Protein chains: 2
Amino acid sequence: MNDRLQNIISQDGSVRGAKSGTQDDVVYAHIFDAILEQRLAPGTKLSEEALGEIFGVSRTIIRRALSRLAHEQVVLLRPNRGAVVAEPSLEEARQISFARRIVERAITELAVDHATAEQIANLQRLVDEEQASFDKGDRGSGIRLSGEFHLQLALMANNAPLLNFQRSLVSQTSLIIARYESGNRSHCSYDEHNQLIEAIKKRDKEKAVELMMHHLDHIDHKLNLQDDGASGDLHAVFSHLIKERKEPRSRKKRAG
Amino acid sequence: MNDRLQNIISQDGSVRGAKSGTQDDVVYAHIFDAILEQRLAPGTKLSEEALGEIFGVSRTIIRRALSRLAHEQVVLLRPNRGAVVAEPSLEEARQISFARRIVERAITELAVDHATAEQIANLQRLVDEEQASFDKGDRGSGIRLSGEFHLQLALMANNAPLLNFQRSLVSQTSLIIARYESGNRSHCSYDEHNQLIEAIKKRDKEKAVELMMHHLDHIDHKLNLQDDGASGDLHAVFSHLIKERKEPRSRKKRAG
DNA sequence: TATTATTGAATTGTATACACTATTCTCAAG
DNA sequence: CTTGAGAATAGTGTATACAATTCAATAATA
């Protein structure tokens, strides 16, 4: 038995982060997606016990996932009072928007420099999916994919700290859209995304940056003060994946 | 091993930002300071049980603290293998340096716009302390205070996301200095810090940004990031000790 | 009726027991 | 002497019990 070989062989097949190995990654990803797709409205209480039941894990795991989300400012952790989906204020929204301009400019420039053909193809695929989602009327997926476009761009920039920061900013922007964008204005960012891809293909850095800045302007302009309260029912939001709690592993007493 | 951690961490010092309320904040702050003041070297193993004994809390608390540190990239959490103080590679160091330029430029501009007299006084006090520490020969405190200067600047920028990002970048920079700063070049950043304060007082944005960029250049130059291009090529890395193949490796005798 | 105390349920905070994994140690084979 | 397999050990991963705190409902008082 060669365990090393086994390890090497089994290293492939990792799909988009969350490997089935660690449970809190799965929980994290599900809650994260639910928030980004706006199935969980800002302000929704995230009860540890309820989430534990839904995902079939103990509060320990839920706690870790919530902690990660809190670090990305997607969730607010109030001591002794539990977690809620973050509700960015207008002032916070303004700060996030400003920070994004700083970061997106740098990312766009780096991406133009470093983008490979394969990465650009990935980018195009994301935008196509995004457009398909909006066409299908799946606004939630569309908004999530729109965010992933900006994350893919950050990935192409080849700078880990900027990528991490971008992840947090994009998530929070999604929250802001959920809170302040009037319901029916479809996001329609895919058109601007397509133009960006063209500029990147042509390695036209100046044009790409200009497009990105305008794109961010448009996002800001679409926001206003209406709020549409989405769901607050955790079980409903996650109904498609509620499962039975794992049978407690047989606890063999250590024979004396 | 346990005793070594005990000695390093329990050195009485300032534990700023430790809201005495929750225990894991205290633990977090102590470990954070120990790393920033370079009493914990990059690569040091951080055993949960040992830390629990040292701080008189359960592993639960230690785990949370380590998790927070890992989010800020100050600690590396290896699944099933425990936590170690992060060891930024040269490539990571370059990326961090780049990201800092982006962020510090924005922060400097914002700080010039928003700085109040009181905040500038705070800034000045930090630099005085920093200088005093270096004069006393307390390099650890000096480096920590140098970092706090940049954090205070970020605070003055009035932008929470940028402040958070800056916190992570400054911490990692401290780690990089610990790992890569060439020999005895004392940090001596306080001189440039003082010039920056002057420019901010005069609301001279252009000058302040220029000083900041030069300051970051100097930091980089004191490190050995310039060339070298450390590779994944083991033969290159260990070329100085490659021996004739036939030479039988002398096995060290077991002590005791 | 409005306001404040008090009590009890519900939820989070922490410690700890057990399960699982990785590392170290020992020893046998080449 | 080196290499590799298997057992012993140490350390992390997860679940759960219990303590501490918050929240809600009721009762008491003005």
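Predicted model only: the values in this text are computed from it and were never measured. Below, read A as the first sequence line, B as the second, and so on, with proteins coming before strands; counting in each chain starts at 1.
Between the CG atom of D24(A) and the P atom of dA15(D) there is a distance of 10 Å, given to the nearest Å. What separates CD1 of I61(B) from P of dT12(C) is a distance of 16 Å, to the nearest Å. Spacing between atom CG of L66(A) and atom P of dT11(C) amounts to 15 Å, rounded to whole angstrom units. Rounded to whole Å, atom C1' of dA17(D) lies 11 Å from atom CZ of R59(A). In this structure, D25(A) atom CG and dT14(D) atom C1' are separated by 15 Å, rounded to whole Å. In this entry the distance linking CZ of R78(A) with P of dC23(D) reads 7 Å, nearest Å. Rounded to a whole Å, the CZ atom of R64(A) is 18 Å from the C1' atom of dT12(C). For the pair I62(A) CD1 and dT11(C) C1', the interatomic distance rounds to 14 Å; values are reported in whole Å.
Screening residues 33-53 of chain B for ring pair (Phe, Tyr, Trp, His ring centres under 6.0 Å), with sequence neighbours left out, gives no hits. Residue pairs meeting the salt bridge (charged side-chain N to carboxylate O under 4.0 Å, His left out) criterion with at least one partner in residues 69-88 of chain B, sequence neighbours excluded, are absent.
Although no hydrogens or angles enter the test, the distance criterion places no donor-acceptor pair under 3.5 Å between the side chain of Q166(B) and the main chain of A154(B).
For T60(A) and dT14(D), the shortest distance from a side-chain N or O to OP1 or OP2 is not below 4.0 Å.
Remark: L110(B) engages F98(A), H114(B), A157(B), N159(B), L162(B) in a side-chain contact (heavy atoms from CB on, under 4.5 Å) (not counting sequence neighbours). Applying the side-chain contact (heavy atoms from CB on, under 4.5 Å) criterion to S67(B), with sequence neighbours excluded, gives S67(A), H71(B). Residues meeting the side-chain contact (heavy atoms from CB on, under 4.5 Å) test with E129(A), sequence neighbours left out: R125(A), L145(A).
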Dump every N/O contact between nucleotides 8-11 of chain D and the protein below 3.5 Å, one line per pair.
none

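Projected onto DNA chain D by closest heavy-atom contact, P79(A) and P79(B) fall at different nucleotides, the more 5' of which corresponds to P79(B).
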